[in-house]
Amino acid sequence: MIRIFDKKLALLGIQLTEKQKQQFDKFYELLVEWNKVMNLTGITEYEEVNEKHFVDSVALVKAVSLNEKQNLIDVGTGAGFPGIPLKIVFPHLKVTLLDSLNKRIKFLDTVIEELGLEHIETIHGRAEDFAKQAHYREQYDICVSRAVANLATLSEYCLPYVKIGGLFIPYKSGEIEEELSHSEKAITILGGKLDQVIKFELPGSEIGRSFVKIEKVKSTAKKYPRKAGLPSKEPL
């Protein structure tokens with residue numbers, strides 16, 4: 001029987017191996033199990049998790065070909081979205097998962113071990129702090145984030161991680177125009193340039209999504225990101 005999940009992925013041009021299907025199912029089991037003792041997601045029903053977390057995460061293929069990318073950082077990854085689904089589907093990617101909550105990092109470490117994933121690391125801390133470290137700053141081909149923050153704030157958290165010529169692609173809901181107009185200045189200050197906005201509906205649903213594709217065209221000034229709290233309190 002072809003699962004609904006497989007059909008939706010097929011609409012994105014993705015076909016999973018048996019191993020990948022097992023990894024997604026194991027991820028689902030761990031998510032639901034750990035969710036009983038900590039708040040990872042409000043969505044726990046199997047098909048809904050597949051659609052709103054897994055398919056949504058890998059829908060990034062609508063914005064960029066990941067076969068040509070080498071390394072990716074997921075800022076504010078939470079329960080591992082989109083980073084872990086992207087790693088499952090594109091095992092060649094070197095993935096860094098960053099989150100400020102240690103409990104979530106412990107969950108992610110368990111998922112990585114149970115799924116047998118390699119070349120994937122978790123880091124516990126604030127995006128503002130790690131972006132100042134040479135080991136992480138301007139080292140990534142692509143930075144993604146499904147974190148809930150306005151685009152100006154998110155750009156300050158994320159663009160410092162992206163190397164020149166790389167991409168920052170935040171996951172956004174369907175309506176993005178107003179937020180975009182308020183973030184153009186920040187994107188430019190931080191060394192980015194808006195390439196395009198890709199709007200679509202999640203396969204087989206009416207859920208509107210947008211990918212904002214921002215290219216890194218010059219180095220981010222050393223003073224960014226500003227100290228903890230400022231990017232959200234006072235967006236550029």
Side-chain angles (χ1 to χ4, degrees), residues 4-16 24 41-43 47-69 72-90 93 95 140-159 161-162 165-217 231-232 235-236:
I4 299 168
F5 181 42
D6 297 334
K7 285 181 182 171
K8 289 185 174 181
L9 288 180
L11 293 170
L12 293 170
I14 293 168
Q15 196 170 0
L16 299 179
F24 272 115
T41 176
I43 301 166
E47 294 299 353
E48 211 177 350
V49 169
N50 280 333
E51 176 181 75
K52 293 180 180 171
H53 285 324
F54 297 167
V55 175
D56 186 51
S57 291
V58 300
L60 186 66
V61 297
K62 283 188 162 289
V64 62
S65 168
L66 290 165
N67 295 318
E68 296 144 25
K69 302 296 175 194
L72 173 148
I73 184 167
D74 177 5
V75 172
T77 186
F81 308 119
I84 287 180
L86 288 170
K87 175 66 184 174
I88 292 171
V89 175
F90 299 97
L93 284 175
V95 173
Y140 293 90
D141 296 318
I142 186 163
C143 174
V144 291
S145 184
R146 278 209 328 173
V148 180
N150 76 64
L151 189 52
T153 301
L154 213 48
S155 295
E156 188 168 351
Y157 289 145
C158 294
L159 272 168
Y161 289 99
V162 182
L167 295 168
F168 163 43
I169 306 180
Y171 288 57
K172 289 289 181 180
S173 64
E175 296 312 309
I176 188 74
E177 283 70 23
E178 191 180 344
E179 197 176 333
L180 260 181
S181 65
H182 289 160
S183 63
E184 281 171 13
K185 180 183 160 206
I187 290 167
T188 304
I189 289 170
L190 296 158
K193 183 180 120 209
L194 182 63
D195 181 13
Q196 65 180 131
V197 178
I198 297 103
K199 290 187 156 202
F200 64 101
E201 289 180 346
L202 278 184
S205 82
E206 292 178 0
I207 301 168
R209 303 296 272 144
S210 297
F211 286 122
V212 183
K213 197 172 176 183
I214 298 165
E215 189 184 350
K216 183 77 170 271
V217 290
S232 53
L236 291 171

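Quantities reported herein were computed from a predicted structural model and do not represent experimental measurements.
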* Asked: Nearest 0.5 Å, what's the NZ-CG distance between Lys216 and Asp195?
  -> 15.0 Å
* **CZ on Phe81 to CD1 on Ile43, rounded to 0.5 Å** => 8.5 Å
* Are side-chain heavy atoms of Pro82 and Leu60 found at a separation under 4.5 Å? -> no
* To do: Please say whether more than 12 non-hydrogen atoms of neighbouring residues, nucleotides or ligands are located less than 6.0 Å from NZ in Lys185.
  => no
* Structure fact -> In this structure, CD of Glu184 is separated from CD1 of Ile214 (nearest 0.5 Å) by 10.0 Å
* Would you confirm whether Arg146, through its side chain, and Thr77, through its main-chain N or O, come within 3.5 Å as a donor-acceptor pair? => no
* Can you check whether Ser57's main-chain N or O pairs, donor with acceptor, with Tyr171's side chain at less than 3.5 Å? -> yes
* Which atom names give the shortest non-hydrogen contact between Val95 and Gly83, and what distance separates them? -> CG1-O, 4.2 Å
* Asked: Checking ring pair (Phe, Tyr, Trp, His ring centres under 6.0 Å) for the pair Phe168/Tyr161: CA distance, chi angles, key distance, verdict?
  -> CA-CA 9 Å; Phe168 163 43; Tyr161 289 99; 10.0 Å; no
* Structure fact -> Here the gap from Tyr140 atom OH to Ile73 atom CD1, rounded to the nearest 0.5 Å, amounts to 4.0 Å
* Working to the nearest 0.5 Å, report the span between CG of Leu194 and CD1 of Ile187. => 5.5 Å
* **Nearest heavy atoms of Ser210 and Lys199, plus distance in Å** => OG-CG, 3.6 Å
* To do: Report yes or no: does Ser205 contribute a side-chain atom to a donor-acceptor pair with the main-chain N or O of Glu201 at less than 3.5 Å?
  => no
* Hey, is the main chain of Leu93 close enough, under 3.5 Å, to the side chain of Lys87 for a donor-acceptor pair? -> yes
* To do: Return yes if some donor-acceptor pair links the side-chain N/O of Ser145 with the main-chain N/O of Val75 below 3.5 Å, else return no.
  => yes
* According to the interplanar angle, ranging from 0 to 90°, do the rings of Phe5 and Phe54 count as parallel (below 30°), tilted (30 to 60°) or perpendicular (above 60°)? -> tilted
* Say whether, by atom type as modelled, one donor and one acceptor occur between the side chain of Lys8 and the main chain of Glu51 under 3.5 angstrom. => no
* Asked: So how far is it from Lys213 NZ to Ile142 CD1, rounded to the nearest 0.5 Å?
  -> 8.5 Å
